[in-house]
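A quick write-up on the structure given underneath.
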Amino acid sequence: AQSVAQPEDQVNVAEGNPLTVKCTYSVSGNPYLFWYVQYPNRGLQFLLKYITGDNLVKGSYGFEAEFNKSQTSFHLKKPSALVSDSALYFCAVRGEGGGNKLTFGTGTQLKVEL
Amino acid sequence: DAGVIQSPRHEVTEMGQEVTLRCKPISGHNSLFWYRQTMMRGLELLIYFNNNVPIDDSGMPEDRFSAKMPNASFSTLKIQPSEPRDSAVYFCASRSLPGTGGDLDYGYTFGSGTRLTVV
């Protein structure tokens with residue numbers, strides 16, 4: 001079975017500071033990893049993905065994520081946070097043997113304050 | 001493309017009533033997913049279809065829930081009878097299956113959701 005863990009329910013960051021939202025996963029075979037963002041009363045929006053290749057992937061709105069196979073992690077990062085980044089962030093994984101099913105973490109609420 | 005379209009956006013119903021949620025996937029997408037989001041349980045996959053065929057319904061809570069996809073452009077999720085614990089936001093998402101052309105991102109496109117309140 002595939003699973004995702006987001007150990008922090010909430011992350012608070014001051015605007016301008018770097019942010020990290022943590023994610024670890026468990027799958028059979030090579031993982032396909034994703035980050036999504038959800039703003040209030042909206043659906044999930046795709047941010048970035050890792051399928052293969054460079055371990056550092058860049059996505060929308062200045063976000064990036066680093067795939068670490070030995071630590072089975074895919075942490076989301078941004079060098080300088082904005083108040084407008086405040087939202088709910090979901091990590092998701094699909095394994096090679098996981099069919100078409102994408103498994104989501106429980107989400108991390110990011111709050112960026114002035 | 002208008003994206004994944006869900007209706008209604010909000011639904012308030014009384015316990016025991018039948019509720020039908022609707023989803024129109026992105027044209028050309030051949031895989032469709034129904035998710036439920038609650039504070040307590042997060043985002044749960046209820047069921048998904050490939051080429052209009054249900055593949056995995058293990059997440060459907062119980063027999064009160066049913067989903068259909070009569071054609072490539074329409075799906076419904078029905079709850080009968082509804083209960084207060086069914087109150088949640090229900091999301092539909094779609095994607096193209098790998099190897100079938102179109103979107104190769106392997107990710108999903110989500111609709112805006114239906115907020116269901118059962119009183």
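Every heavy atom of this structure was used, including side-chain atoms; hydrogens, water molecules and symmetry mates were not. Labels below follow one simple rule: chain letters A, B, ... track the order of the sequence lines, proteins then strands, and each chain is numbered from 1.
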Turns out that what part of Gln45(A) lies under 4.5 Å from chain B's heavy atoms comes down to neither

message: Are there over 12 heavy-atom neighbours, none belonging to Tyr39(A), within less than 6.0 Å of that residue's OH?
response: yes

- Query: Taking the six-membered ring for Trp, are Tyr50(A) and Phe67(A) parallel (under 30°), tilted (30 to 60°) or perpendicular (over 60°)?
  - Reply: parallel

Applying a strict 4.5 Å limit to non-hydrogen atoms, the region of Thr38(B) in contact with chain A is neither

Counting only N and O atoms by type, is there a donor-acceptor contact under 3.5 Å from the side chain of Ser82(B) to the main-chain atoms of Ile79(B)?
-> no

Using the ring of Phe34(A) (Phe, Tyr or Trp, six-membered ring only), decide whether Lys49(A) places NZ or CZ under 6.0 Å from its centre and within 45 degrees of its axis.
no

Minimal heavy-atom distance between Thr108(A) and Gln6(A), with the atoms involved, is OG1-NE2, 3.1 Å

Taken to the nearest 0.5 Å, the spacing of Gln6(B) CD from Phe110(B) CZ works out to 9.5 Å

Within residues 112-119 of chain B, the residues sitting under 4.5 Å from chain A by heavy atom, in sequence order, are Ser112(B), Arg115(B)

So the salt bridge (Lys or Arg N to Asp or Glu O under 4.0 Å) pairs with at least one residue in residues 30-43 of chain B (sequence neighbours excluded) are Arg36(B)-Glu44(B), Arg41(B)-Glu44(B)

Ordered numerically, the heavy-atom neighbours of chain A under 4.5 Å found in residues 60-78 of chain B are none

Side chain to side chain donor-acceptor pair (under 3.5 Å) pairs touching residues 13-25 of chain B, sequence neighbours excluded, are none

Between the CD1 atom in Ile55(B) and the CZ atom in Phe49(B), the distance rounded to the nearest 0.5 Å is 9.5 Å

What do you reckon, are the aromatic ring centroids of Tyr36(A) and Phe104(A) less than 6.0 Å apart?
yes

